[in-house]
Amino acid sequence: PPYTTQPSTAPGLLPGEVNDYQGQSLTPVNVYIRYLIEHPDVAIAGTQHINRETYRLGITGLVNNPLNYTYDAIVNNFNSTLQVGTLPCVEGWSVTLLWQGVPITDLLRQAGVSPNANTLIFLASDGYSSSLPLQYVTQNNIIIAYKMNNLTLTNQTGWPLFLVAQNQYGYKWVEWLTEINVSNNSNYLGYWESRGYPNNATVLDAQSAALFSIDPVVLSVAAISIVAVIIAVALFFSRRRILRKKVFFQHLKCTVLYK
């Protein structure tokens with residue numbers, strides 16, 4: 001087996017699940033499922049139920065040879081890769097899981113990517129979509145996973161395939177994946193991006209992430225307060241200038257009258 005630890009029998013873990021990999025602790029799958037239940041908006045159209053026999057993963061767009069992979073072909077015909085990855089949701093929760101799957105570059109190699117391509121658009125069975133730069137995918141060996149913590153994905157956890165968008169916020173992690181479209185549209189906006197989320201979803205450092213997580217209402221109030229202070233200071237100095245001019249002319253008038 002590719003694991004350095006045997007499946008655990010610890011309480012709360014599912015049969016066959018691992019809870020650490022190479023000394024790194026993993027979030028139990030049941031904890032991830034609990035987060036999904038607590039935040040149903042993660043799935044824009046509810047849990048998807050995809051037919052294994054008819055399922056195909058399409059590789060489309062700017063390729064020499066468009067392809068349609070069956071689930072079994074992806075699982076059995078490509079070298080498997082293991083990655084520990086943390087999925088951080090912008091709603092404030094995160095999970096660290098062991099993902100097993102296939103590098104996207106291996107799938108693209110068979111299709112033959114056009115030199116004009118710069119973006120990969122990922123589409124799901126529920127109409128969800130997002131995009132990532134092609135360079136990011138190749139340089140970071142990004143995978144599409146069919147297992148988490150040694151367990152095959154279920155309908156609830158994203159079967160058949162889950163995009164593992166390392167170091168990206170959760171809305172870039174596309175589950176129930178059905179198509180990878182190779183594109184030259186670097187400005188493509190996915191489901192949440194077209195609703196105001198930034199297209200660049202790279203996870204920020206701790207200080208920046210704390211700022212990112214501040215309630216927008218709080219940020220708005222703070223911004224209004226700062227503007228109010230600036231206006232007040234400007235008015236203060238403006239009134240001082242007017243007062244000085246008034247005093248000067250009064251003094252000048254008195255001087256003329258005295259003479």
Side-chain angles (χ1 to χ4, degrees), residues 1-39 42-43 47-48 52 57 69 71-109 120 122 124 130 132 136-177 180 201-206 209:
Y3 302 96
T4 58
T5 57
Q6 293 297 316
S8 175
T9 57
L13 296 181
L14 298 171
E17 182 178 2
V18 296
N19 64 347
D20 71 88
Y21 178 69
Q22 296 182 345
Q24 186 165 356
S25 296
L26 305 171
T27 305
V29 171
N30 272 333
V31 172
Y32 174 53
I33 292 174
R34 189 182 75 227
Y35 286 141
L36 296 179
I37 294 172
E38 293 173 350
H39 302 274
V42 169
T47 298
Q48 298 294 289
R52 181 179 182 132
L57 174 68
Y69 292 106
Y71 175 78
D72 290 336
I74 292 172
V75 173
N76 299 323
N77 297 347
F78 292 90
N79 291 328
S80 178
T81 297
L82 289 170
Q83 294 181 358
V84 174
T86 297
L87 190 167
C89 182
V90 295
E91 293 179 323
W93 57 270
S94 67
V95 291
T96 299
L97 301 162
L98 177 64
W99 303 90
Q100 181 177 349
V102 175
I104 294 173
T105 51
D106 289 355
L107 301 176
L108 297 179
R109 190 175 297 114
L120 297 181
F122 299 89
S130 192
L132 292 168
Y136 156 83
V137 171
T138 57
Q139 289 183 348
N140 292 279
N141 195 33
I142 299 303
I143 69 172
I144 51 173
Y146 46 79
K147 283 188 176 183
M148 60 170 63
N149 288 6
N150 196 38
L151 302 177
T152 298
L153 298 178
T154 64
N155 292 331
Q156 190 174 26
T157 58
W159 191 93
L161 298 169
F162 203 131
L163 171 63
V164 181
Q166 295 276 20
N167 302 314
Q168 302 288 312
Y169 281 104
Y171 61 93
K172 291 291 183 180
W173 296 57
V174 181
E175 53 188 339
W176 303 302
L177 187 65
I180 301 175
T202 302
V203 175
L204 307 171
D205 58 41

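Only this structure's heavy atoms are used, side chains among them; waters, hydrogens and symmetry mates stay out.
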First locate atom [atom1] of [X], then atom [atom2] of [Y], and finally report the distance between them rounded to the nearest 0.5 Å.
{"X": "L108", "Y": "I180", "atom1": "CG", "atom2": "CD1", "result": "6.0 Å"}
{"X": "L161", "Y": "L153", "atom1": "CG", "atom2": "CG", "result": "7.5 Å"}
{"X": "D72", "Y": "I74", "atom1": "CG", "atom2": "CD1", "result": "9.5 Å"}

Would you please classify the geometry between the F162 ring and the Y32 ring as parallel, tilted or perpendicular, with 30° and 60° separating the classes?
-> tilted
Which word best sums up how the rings of Y69 and F78 line up, parallel for under 30°, tilted for 30 to 60°, or perpendicular for over 60°?
->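 The arrangement is perpendicular - the two ring planes meet at more than 60°.
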Residues [X] and [Y]: side-chain donor-acceptor under 3.5 angstrom:
{"X": "Q166", "Y": "N140", "result": "no"}
{"X": "T96", "Y": "T86", "result": "yes"}
{"X": "S80", "Y": "Q100", "result": "yes"}

Is it the case that the side chain of [X] and the backbone of [Y] share a donor-acceptor pair, with hydrogens and angles ignored and the cut-off at 3.5 Å?
{"X": "W99", "Y": "K147", "answer": "no"}
{"X": "E91", "Y": "V42", "answer": "no"}
{"X": "E17", "Y": "L14", "answer": "yes"}
{"X": "N150", "Y": "V18", "answer": "no"}

Do W173 and L163 touch side chain to side chain, with heavy atoms closer than 4.5 Å?
-> no
Close side-chain approach of L107 to L57, heavy-atom, < 4.5 Å = yes
Over all atoms of both residues, closest heavy-atom pair of [X] and [Y]:
{"X": "L87", "Y": "G170", "value": "CD2-CA, 3.9 Å"}
{"X": "P15", "Y": "L151", "value": "O-CD2, 3.3 Å"}
{"X": "V203", "Y": "Y169", "value": "CA-CE1, 3.7 Å"}
{"X": "Q156", "Y": "W176", "value": "O-CZ2, 4.4 Å"}

N79 atom CG, neighbour heavy-atom count above 12 within 6.0 Å |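 At most 12 heavy atoms, drawn from other residues, nucleotides or ligands, come within 6.0 Å of this atom.
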